Amino acid sequence: MITSKKLSDERLIEIMNFPIKYTEDSPKLTAEQIARMKPVHSEFWKIEPVKISVSIKIDADVLTWYKSGGKGYQTRINKALRKVMMQSR
């Protein structure tokens, strides 16, 4: 049964700290090998995050700096926020 229940922080830590056992049948992959991996049925893996429109206040100089990079400034702001989010996990 699949549920949409979120994992607790404790469970996520437990999963992340679970020991990995490499064997001849399941060796540790190099970064190059991982980079070359692709899903067998890629048409089923087109997962795009849901975008939600929000209104937030950002310091004018920060917004000006992002906009100075040209088109796609909202995507760059989202990418920066995602990076901070992932680092805090």
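These values consider heavy atoms only, across backbone and side chains, with no hydrogens, waters or symmetry-generated copies. Since the structure is predicted, the reported quantities are computational estimates derived from the model, not experimental observations.
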Between atom [atom1] of [X] and atom [atom2] of [Y], what is the distance when rounded to the nearest 0.5 Å?
X: Leu12; Y: Glu14; atom1: CG; atom2: CD; answer: 10.0 Å
X: Thr30; Y: Arg36; atom1: OG1; atom2: CZ; answer: 6.5 Å
X: Leu63; Y: Ile58; atom1: CG; atom2: CD1; answer: 5.5 Å

Crowding at CZ, Arg82 (>12 non-hydrogen neighbours, <6.0 Å): no
Check the hydrophobic clustering (I, L, V, M, F, W, Y; side-chain heavy atoms under 4.5 Å; chains of links allowed) and say if Val50 and Met86 are grouped together. no
Count I, L, V, M, F, W, Y as connected when their side-chain heavy atoms are under 4.5 Å apart, and connections chain through other members. Are Leu81 and Ile52 then in the same cluster? yes
Taking ILVMFWY side chains as joined if any heavy atoms are under 4.5 angstrom apart, and letting links pass through other members, which residues group with Ile34? Leu29, Met37
Donor-acceptor pairs are to be reported for all side-chain atoms of residues 19-28 against protein atoms at under 3.5 Å, with residues two or more places apart or in another chain.
from	atom 1	to	atom 2	distance (Å)
Thr23	OG1	Asp25	N	3.2
Thr23	OG1	Ser26	N	3.1
Thr23	OG1	Ser26	OG	3.1

Can you give each donor-acceptor pair under 3.5 Å made by side-chain atoms of residues 64-74, sequence neighbours left out, with the distance rounded to 0.1 Å?
from	atom 1	to	atom 2	distance (Å)
Thr64	OG1	Ala60	O	2.8
Ser68	OG	Trp65	O	2.6

